[in-house]
Amino acid sequence: MLVIGGGINGVGIARDAAMRGLRTVLVEQHDLGSGTSSRSSRLIHGGLRYLEQGNLRLVMEANRERRVLLRIAPHLVWPLPFIFPVHRGDRIPVWQLAAGMWLYDVLALFRNVRAHRMLGKRAVLEHEPALRKPGLVGGARYYDAQCDDARLVIATARSAITHGALVANYMEVRGLERTGGRVVGAQLEDRLTGHRAVVSAATVVNAAGAWADRIRLFEDAGATPLLQPTRGTHIAVDRTRLGHRDAIIFTSPIDGRVMFVLPWGDQSYIGTTDTDTAESPDAVAPSAEDCIYLLRSANALFPDARLGLEDIRSAWTGLRPLLADRVARAASRRSREHAIVRGAGGMLTVVGGKLTTYRPMAAEVVNRVVRELRQRDRRPLPMEARTDEEPLPGGETRDLSPFRERGIETGLPPDTVDHLVRAYGTEAAGIYNLGAADRRLFRRLAASHPAIEAEVIHAVRRELAQTVEDVLVRRLHLYYECADHGVPAARRVAELMGRELGWEEARIDEETSRYFDLVKATRAQRRQLIRGAGSATTEAE
Ligand SMILES: Cc1cc2nc3c(=O)[nH]c(=O)nc-3n(C[C@H](O)[C@H](O)[C@H](O)COP(=O)(O)OP(=O)(O)OC[C@H]3O[C@@H](n4cnc5c(N)ncnc54)[C@H](O)[C@@H]3O)c2cc1C
């Protein structure tokens, strides 16, 4: 089986298939998780807003999956308390919130981290004193979960590899191989070396997310688009500016949409927008309008914040690979559910879904593949894989305190130990071992970030990192978490990678400057955004 696309859906499918014994190859044109799967709200959630749409089945499934992911990846998925404040005149009044909260607990079979509690005005302010006081009438406190989306993708891919899958990043599908009209493989190009190759497969699964319609055109030049994407932007600011403690979910005073203010270390990120778009998935970037909308919504809820565009530390935009809805409905109300479509050449295209529910969706795709293969040549293949039982790498135990203690014993500072245990779970031990063999690898990559050099070695040896961007953006997150986007660490990262991958000096230079270029482009985008915002505000006035 060939899987196209290394987002959460592709790697989930590859893991499920490999666990059932299918010979599986996954190719990703860029880095694992570099598409929508690392540009999410980073929530593993029951989907409170789907309650409003009456989609109880989806809520129930998502609630179950939250339990599964908290169990199989406790380092990458962690419980997160939310406060839902209600102000007079909000689109969702307190009585409706109370009913929704009750139903949410019912659909979680009362097995959420903790049951919800309705709060009066005073109790809301005890939790969140920085919230706007005038008009506040009460709220609720409940639990969902937060995740490291990019690392969840990488961990899932690694689990697939452990079960025998071949996973290649920077391997682009440039066309499909056909015999008698059937898709029987794909033409590949290695984007790092330019090498080309053909891979044959009994089944091809297209899990290319927002790019899925492009792959479908390789199969059938007249294929009708399945997707009608919407764009979603998040912005991150210093957490002290908002002064919140828990995660906050609220309805935007601008248009009543449900939004989040979420904690992430010393940052808060605010999201998200949900706007119809026809832009290419290769070029999505935050727009001035998106950022202004998010800032205004947050400023209205936290009146002392007074955030402006210059306060944005980082921003990311993803395309929701939503199913086209021929019946015109508002973008944010369109179904989030997935579809599996068999194309003219027999390729299965899977679109839609959420990070939260990737596992059952993957199982459904592989069930379909197994049924087809059984029909074709009667080969005995199992109808299920216990992807819900086997932990992802690093998730072997929920009690990570021994790994924390061991980290402290090595002499690493507590913030680094916390960072390592959260990012690697039980595999933090592997990072300590690297440092024990060479103490220099315990050095920080940047003064303002807890990440250390040993992680770069781990990223190359275990996590398929191929470029400096892979390390600093999706594995260690300095790009998002440091005010300077991790630029001063780039050269050192390239040198450490070079040692592992046998890079010459020229390649080290090239990789370093490629990262500089990425950051330069980000900064230019930000400047343009601020300029664009100037004109957007003038127009609005
Ligand atoms: C703003 C936003 C917030 C979200 N928040 C949440 C959330 O909090 N919780 C949640 O559960 N869900 C959330 N989602 C939904 C979730 O992120 C997506 O449904 C999910 O990430 C889609 O995964 P995917 O694998 O289908 O797509 P992608 O992650 O985009 O993966 C597709 C991959 O295919 C690759 N590809 C494309 N063309 C080729 C080719 N020719 N050859 C090889 N590879 C190719 C791409 O490079 C890409 O990496 C959010 C979505 C958005 C946009």
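In each ligand, atom 1 is the first atom listed, and ligand 1 is the first ligand listed.
Ion pairing between a basic and an acidic side chain is recognised when a charged N comes within 4.0 Å of a carboxylate O; E364 and R368 show no such pairing. Of the charged side-chain nitrogens involved, none lies within less than 4.0 Å of a carboxylate oxygen, so that D220 and R216 do not count as a salt-bridged pair. Taking the charged nitrogens against the carboxylate oxygens, R359 and E65 do have a contact shorter than 4.0 Å, which makes a salt bridge. A salt bridge is defined here as a Lys NZ or Arg NE, NH1 or NH2 lying under 4.0 Å from an Asp or Glu carboxylate O, and D149 with R151 fails to meet this definition.
Considering both main-chain and side-chain atoms, I8 comes within under 3.5 Å of ligand 1 through a nitrogen or oxygen pair. Between V173 and ligand 1, at least one N/O pair is under 3.5 Å apart.
The option from S34, G352, G12, S37 that lies nearest to atom 23 (O) of ligand 1, judged by heavy atoms, is S37. Summarising the contacts of atom 46 (C) of ligand 1 with H30, E28, Q146, the nearest heavy atom is found in E28. One option in R320, M361, R191 has a heavy atom closer to atom 51 (C) of ligand 1 than any other, and that option is R320. Comparing G7, A207, S40 against atom 50 (C) of ligand 1, the shortest heavy-atom distance belongs to S40. Closest heavy-atom approach to atom 9 (N) of ligand 1 within the set L355, T233, L43: this belongs to L43. Relative to atom 2 (C) of ligand 1, the option among R39, R42, E172 with the closest non-hydrogen atom is R39.
Of the protein's non-hydrogen atoms, the one nearest atom 34 (O) of ligand 1 is G5 CA, 3.3 Å. Distance from atom 30 (O) of ligand 1 to its nearest protein heavy atom, with residue and atom name: T36 N, 2.9 Å. Protein heavy atom at the shortest distance from atom 25 (O) of ligand 1 is N9 N, 3.1 Å. In this structure, atom 5 (N) of ligand 1 lies nearest to the protein heavy atom S41 N, 2.9 Å. Looking only at protein heavy atoms, the nearest one to atom 44 (N) of ligand 1 is Q29 N, 3.0 Å.
Residue R174 places no heavy atom under 4.0 Å from ligand 1. Contact analysis leaves R214 out of contact with ligand 1, as no non-hydrogen atom separation drops below 4.0 angstrom. Look at H234 and you'll find a heavy atom under 4.0 Å from some atom of ligand 1.
Between the side chain of D470 and the backbone N or O of Q466, at least one donor-acceptor pair lies under 3.5 Å. The backbone N or O of R474 sits nowhere less than 3.5 Å from a side-chain atom of D31 that would complete a donor-acceptor pair.
Applying the 4.0 Å criterion to heavy atoms of T272 picks out, from ligand 1, the atoms 1 (C). Of all atoms in ligand 1, listed by their number and element, those nearer than 4.0 Å to a heavy atom of G232 are 1 (C). Within ligand 1, the atoms closer than 4.0 Å to a non-hydrogen atom of G318 are 53 (C), numbered from 1 in the order shown. Close approach of ligand 1 to M171 is summarised as follows: ligand atoms under 4.0 Å from at least one heavy atom of the residue are 43 (C). Close approach of ligand 1 to G35 (heavy-atom distance below 4.0 Å) involves ligand atoms 29 (O), 30 (O), 49 (O). Taking every heavy atom of I215 and a limit of under 4.0 angstrom, the matching atoms of ligand 1 come to 40 (C), 41 (N). Near G353, meaning under 4.0 Å from one of its heavy atoms, ligand 1 places the atoms 19 (O). Within the listing of ligand 1, atoms 26 (O), 27 (O), 32 (C) sit less than 4.0 angstrom from a heavy atom of G209.
To the nearest 0.5 angstrom, L69 atom CG is 5.5 Å from Y358 atom OH.
Residue-environment remark: CZ (R23) stays at or below the threshold of 12 foreign heavy atoms within 6.0 Å. Counting non-hydrogen atoms of other residues, nucleotides and ligands closer than 6.0 Å to CZ of R114 gives a total of 12 or fewer.
In this structure, the ring of Y104 has its center no less than 6.0 angstrom from the ring center of H116. Residues W316 and Y269 place their aromatic rings such that the two centres sit under 6.0 Å apart.
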Between H485 and T522, does a side-chain hydrogen bond (donor to acceptor under 3.5 Å, both in side chains) hold up when you go through it step by step? CA-CA 9 Å; H485 300 289; T522 305; 5.7 Å; no
Would N9 and H338 satisfy side chain to side chain contact (heavy atoms under 4.5 Å, CB included), going step by step from the backbone distance to the final call? CA-CA 10 Å; N9 288 335; H338 62 271; over 6 Å; no
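Under the 30°/60° scheme for interplanar angles, the aromatic rings of Y424 and H458 are found to stand perpendicular.
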